[in-house]
Structures are given as structure tokens and as C-alpha cells.
Number of protein chains: 2
Amino acid sequence: MTLEEFKGILRKYNFRVTGQRILVFETLKENENSHLKIEKIYQKAYKKDNNIGIATIYRTLDLFLSLGIVQKTSIEGTYYYELMSNKMDHYHHHLICKNCKKIIEVDSDLLKSVEEKVKEKYDFIVENHELIFYGLCKKCRERNE
Amino acid sequence: MTLEEFKGILRKYNFRVTGQRILVFETLKENENSHLKIEKIYQKAYKKDNNIGIATIYRTLDLFLSLGIVQKTSIEGTYYYELMSNKMDHYHHHLICKNCKKIIEVDSDLLKSVEEKVKEKYDFIVENHELIFYGLCKKCRERNE
DNA sequence: GTCGCTGCAAACGATTTGCAATGTT
DNA sequence: AACATTGCAAATCGTTTGCAGCGAC
């Protein structure tokens, strides 16, 4: 999503294009492959404009969520935010390294066959899922040898 | 896990068998197939003994967690507790119905082949995982027809 | 009798809210 | 000019902590 597309979404729904909203958008954009907690987003935004308040970060992220601009993921009790990309609509998995805590994004559809089994066995139709694998990434395995 | 086995675990590690610990254990035991938030556990325990304080619930659940008596799962920003059963050690999935919010436990190992793919593609070794499917259970589909 | 455990209330951290000032339209 | 948005500080919520008294051993 480009900055202009982003502004377009705000205008389309009659929300104002403010400096703070652009700031938060750009912060997320610059960290497109990370997963940031609210506090981290606030710190990064604050560095660029030390006038922004944390309440604005909360309100802005809530707005972005309701407009489908960001996606939020709950991992071990805290929420992480990332810009929505179209690939992640249904297929959204994370690998979390126990050691370095890095969060790796997985974008392929690993679960099609699993969802079919769930339908058969539990008569439950899956619309979305959240899958987190905990383990060790390559680097951390090598470091521990 | 029986009450006597539970007391055995406490004694084994030199923790005292108190009325409150038994109360929390029994509350979890009576709701073996549900997933309860802290607040709910407190309410249920409070009904049986309106002298118990919520701080005790927090401390007791922390203790149970460290002793492997309960398992806690983070779902959409809050933690849910349930008595540990041996089947759930590695294979622990949940189906959450969007409509009735019921949480259905899945105990079969659906992900063996997926974990192999993760190893190949991301060079990441999975030690544990948390999988949540969001969708519609049978009852809610019928109700909405 | 010792000391681990508990209830209470105060403290804490994360999030939300009310409101006057500001910025976008 | 109208009013949506913001920063600030106070309020609120869930969780943790310190401590005196109680209860298990």
C-alpha cells in the first residue's frame, strides 16, 4: 500500500488526513516486515515528531484496524501490529524463535488439508486461522551447538 | 488428574496443601472442558467460598502453571486456563466459533506434515505450536440458515 | 512454634476517556 | 467557520506487591 492509496482510504470514509496518521502509517511502512507492539510504534513515531502522544497511537491503530489498513495479532498476551498486505488475508502464520524472539512471517498456505480434516471431523467450517510455531531458527541452533 | 494426585504434586515440591489451592483445583476440575479466564475462575471460586481474594487466584494459577498442573493459552489478548491433560502436551489446537464464541478443543495431531514443510522451507525446528481456527460450528451454521 | 500462604489495600503498567486547544476540510 | 482530531492528564482496568495475620506442617 502506497502513501497515496492510504490517504485515499481515509478520504473515502471521510476521515481527515492528519500529520499524525501519516506519521504512524510511514512508521509501519518502514517496518513492513516486523511486528511491532504499540509501545514500539510510539517510540519510533516519537523519534520523528516528539510531540505525538501515546493516546493518538492507540486511537490511530484502532482506526487503521477498522479500515483494514493494519492487522493485529495476539502473541502471548500482547498485540502486535503490521500493515495489511493482501497475501495475508487468509494465510497468516508466524514462527517465533524461543531464543532470539524473532518473529518470522510465513505466507504460504500450509493448512488447506488441515482445514479439510477439521471440517470432516468436527463439522466446523474454518474462515480464518492464527497459527504460531515456537521453536528454534537456524542461527540460534548453530549458536547453541 | 485426581484430587489426590494433585495434592501429591504439591507435597512432592514442598508446597502446602491449602484450602484455596484445593478450591481452585476443584473449580478447574469441574470445568475440565472449558477454557476459563482468571476473572471467571475467581467468580466460580468466590461462589464456593466468598472469602477468597483475587490475588490468591493469580498466585495459585502461576504456581499451578510452574508445576505443570494447568496450561495457559493466549487467545485474542487474554489468557485462558485449563487443567493440563497429558494428551495436550504437544498437540493443542482450538476451534473458536465466531458466533457463539465456544472454544472447541482439538486433540489430534493435525500438523505433523506442516511442521516438516516449515523445517524444509524456513530451516526452523518446531518445538511447540499454538493453532487457532476461527469459523462457524455446526449449530451456528444451522441457526443462520 | 515456624514459616509458607492468604487477604487486603496500595502500587503499578497498559489502555481509555474527557476536555480544551489545534488543524483539516 | 465547523467540527474532527489531538495532547494532556485523570480515570480506569487488569495484574502485582508489601505486609500483618492466619493456617499447614
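Remember, predicted model here, so these are calculated numbers, not experimental data. Letters go in sequence order (proteins before strands), and every chain restarts at 1.
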Base, sugar-phosphate, or nothing: which does [X] touch, judged by heavy atoms less than 4.0 Å apart?
{"X": "A/Arg59", "value": "base"}
{"X": "B/Asn14", "value": "nothing"}
{"X": "A/Ile54", "value": "nothing"}

Subject >> Candidates D/dC25, D/dG7, D/dT5 - which lies nearest the side chain of B/Val17 >> reply: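 Selected nucleotide: D/dC25.
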Original post:
Nearest to the side chain of B/Asn51, which nucleotide is it out of D/dT5, C/dT25, C/dG7?
Top reply: C/dG7
Separation of [X] atom [atom1] from [N] atom [atom2], in whole Å?
{"X": "B/Asp49", "N": "D/dG23", "atom1": "CG", "atom2": "P", "value": "11 Å"}
{"X": "A/Tyr42", "N": "D/dT6", "atom1": "OH", "atom2": "C1'", "value": "13 Å"}
{"X": "A/Tyr13", "N": "D/dA4", "atom1": "OH", "atom2": "P", "value": "19 Å"}
{"X": "B/Tyr58", "N": "C/dT6", "atom1": "OH", "atom2": "P", "value": "16 Å"}
{"X": "A/Leu63", "N": "C/dT16", "atom1": "CG", "atom2": "C1'", "value": "16 Å"}
{"X": "B/Asp62", "N": "D/dT15", "atom1": "CG", "atom2": "P", "value": "11 Å"}
{"X": "B/Glu39", "N": "D/dC13", "atom1": "CD", "atom2": "P", "value": "11 Å"}
{"X": "B/Lys40", "N": "D/dG14", "atom1": "NZ", "atom2": "P", "value": "14 Å"}

Subject >> Donor-acceptor contact below 3.5 Å, side chain A/Thr2 vs main chain A/Glu5 >> reply: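 Pair found, side chain donor or acceptor close to backbone of A/Glu5.
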Subject >> B/Asn31 side-chain N/O to B/Thr27 backbone N/O, donor-acceptor pair under 3.5 Å >> reply: yes
Please tell me if [X] has a side-chain N or O lying less than 4.0 Å from either OP1 or OP2 of [N].
{"X": "A/Gln20", "N": "D/dG7", "result": "yes"}
{"X": "B/Thr78", "N": "D/dG14", "result": "no"}
{"X": "A/Thr18", "N": "D/dT6", "result": "yes"}

Original post:
Hey, is the side chain of A/Arg16 pairing donor to acceptor with the base of D/dC3 inside 3.5 Å?
Top reply: yes
Original post:
When you measure from the centre of the six-membered ring of A/Tyr79, is the NZ or CZ of A/Lys72 under 6.0 Å away and within 45° of the axis?
Top reply: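 Yes, A/Lys72 lies over the aromatic ring of A/Tyr79.
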Original post:
Want to settle it: does B/Gly19 or B/Ile38 sit nearer the 5' end of DNA chain D, counting the closest nucleotide to each?
Top reply: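 Final value for this comparison: B/Ile38.
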Subject >> Salt-bridge present (A/Lys7, A/Glu4; N to O < 4.0 Å) >> reply: yes
Original post:
How about B/Lys37: does its NZ atom have over 12 heavy atoms from other parts shown lying under 6.0 Å from it?
Top reply: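 Counting other residues, nucleotides and ligands, NZ of B/Lys37 stays at 12 neighbours or fewer.
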